[in-house]
Amino acid sequence: MELRQLRYFVTVAEELHFGRAAERLHIVQPAVSQQIRRLERSLGVPLLTRTTRSVALTEAGQRFLPEARAVLTAARRAESSVADFRDVRLLRLGTSEGLGDRLDVLLAEFTRRAPEAQLELVHAPTAERLQRVRDGSLDATIVRGSRSSPGLDFTPLWTDEVVVALPASHPLAGSEVVPFASLAAIPARLSSPARNQPLYDLVVSCCREAGFEPLLGPDFTTAQDTLGTLGFGRPHWTVFYRAHANLLPVPGVVFRPLRDPSPRMPTYLATPSDRRVTPEVVALIEGARATEAG
């Protein structure tokens with residue numbers, strides 16, 4: 001049994017989708033499937049049931065999941081216990097989906113301000129990243145949307161424009177700016193509240209401000225799958241952060257600004273309230289604010 005196998009299993013268990021899990025882990029999907037099968041063979045029991053349309057935990061998988069999480073947490077704490085003895089300062093940073101070209105600029109700014117530091121990026125669900133900041137296995141994490149959470153401080157970093165993605169063949173694609181009210185009759189494909197509560201709430205509130213309730217279609221899954229169906233399926237729309245859309249030239253899809261209202265999403269850096277802010281975290285905050293100013 002290997003730690004990476006446990007990490008892959010926990011990620012699939014949280015997503016219940018091999019494609020989304022592979023995207024989170026930044027590896028190809030067959031590698032995820034292969035390592036989980038090896039884990040199941042070493043344990044002698046199936047942890048997941050798989051069909052062409054769904055993934056679910058078996059009873060053994062449900063019992064194994066909290067134990068796998070506990071092992072991963074213990075491993076992170078063990079690593080964290082010796083952090084002060086490293087010659088090179090390491091900043092362990094949790095990241096959000098959809099940072100796009102913001103992340104590239106932020107990394108460049110951080111490196112300029114803290115050239116001796118190393119940066120380790122960790123992608124995980126928001127709740128897990130916040131908990132890891134509390135327990136010390138992450139130094140900080142980037143989060144979207146305003147929130148309060150015990151034991152954490154939230155420092156504003158920047159605000160992102162939210163744009164609409166539409167089929168290039170739709171009449172609205174010819175507009176330079178799309179009025180929110182013009183989307184009322186078109187199904188929306190949004191991230192579920194469980195996956196991205198701040199973005200879901202922002203879009204729904206904008207729809208209501210524009211005078212309608214969104215006509216919800218299937219949930220947003222991955223950027224690749226959602227944009228693929230958007231470009232060549234029945235007309236519908238979804239939203240992306242501008243910084244993410246900048247990296248997504250997709251045939252058959254256009255991205256347009258929205259108005260009346262024009263949605264904006266604030267982004268924060270979560271740090272532990274009970275520990276000092278390190279010079280590396282300060283460099284990150286300054287770098288992030290430089291990207292906003294630029």
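For reference, positions follow the sequence shown, starting with 1.
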Taking atom types as modelled, is there a side-chain donor on [X] or [Y] under 3.5 Å from an acceptor on the other?
X    : Y    : result
R37  : Q34  : no
D153 : S273 : yes
R102 : T267 : no

Less than 6.0 angstrom from the centroid, inside 45 degrees of the normal: does R38 satisfy that with respect to the ring of Y8? no

Would you please name every residue forming a side chain to side chain donor-acceptor pair (under 3.5 Å) with R112, sequence neighbours left out? E109

Can you name the residues that form a side chain to side chain donor-acceptor pair (under 3.5 Å) with S146, not counting sequence neighbours? Y268

Thinking salt bridges, do E97 and R20 make one under a 4.0 Å N-O criterion? no

Note: E40-R50 ion pair, threshold 4.0 Å (strictly below): yes

If only atom types and distance count, is the side chain of [X] paired as donor or acceptor with the main-chain N or O of [Y] below 3.5 Å?
X    : Y    : result
T141 : A270 : no
S149 : L152 : no
D219 : T221 : no
H123 : T95  : yes
T58  : P46  : yes
R144 : G98  : yes

Please test L183 against L166 for side-chain contact (heavy atoms from CB on, under 4.5 Å), starting from the C-alpha separation and ending with a verdict. CA-CA 10 Å; L183 301 172; L166 291 161; 4.1 Å; yes

Kindly determine whether V164 and F255 satisfy side-chain contact (heavy atoms from CB on, under 4.5 Å), including the steps that lead there. CA-CA 6 Å; V164 65; F255 299 96; over 6 Å; no

Are Y200 and F220 near enough that their ring centres are under 6.0 Å apart? no

Determine the minimum heavy-atom distance between V133 and A140, stating which atoms define it. CG2-C, 3.8 Å

After noting the C-alpha distance and the side-chain angles of R69 and E14, does the key distance pass the side-chain contact (heavy atoms from CB on, under 4.5 Å) rule? CA-CA 11 Å; R69 284 177 169 146; E14 289 169 348; 3.3 Å; yes

With the 4.5 Å side-chain cut-off for hydrophobic clustering, are [X] and [Y] part of the same group?
X    : Y    : answer
W237 : V250 : no
F18  : L6   : yes
I142 : V282 : yes

So, taking the atom named NE2 in H244 and the one named CG in D160, what distance separates them when rounded to the nearest 0.5 Å? 11.5 Å

For the pair H236 and T229, evaluate side-chain contact (heavy atoms from CB on, under 4.5 Å) and give the outcome as yes or no after the intermediate values. CA-CA 9 Å; H236 57 284; T229 59; 3.8 Å; yes

Test salt bridge (charged side-chain N to carboxylate O under 4.0 Å, His left out) on E176 and R259; report intermediate values, then the result. CA-CA 11 Å; E176 290 188 8; R259 65 174 174 85; over 6 Å; no

Would you please classify the geometry between the F212 ring and the F180 ring as parallel, tilted or perpendicular, with 30° and 60° separating the classes? tilted

So the side-chain hydrogen bond (donor to acceptor under 3.5 Å, both in side chains) pairs with at least one residue in residues 201-210 (sequence neighbours excluded) are Q197-D201, R208-E213

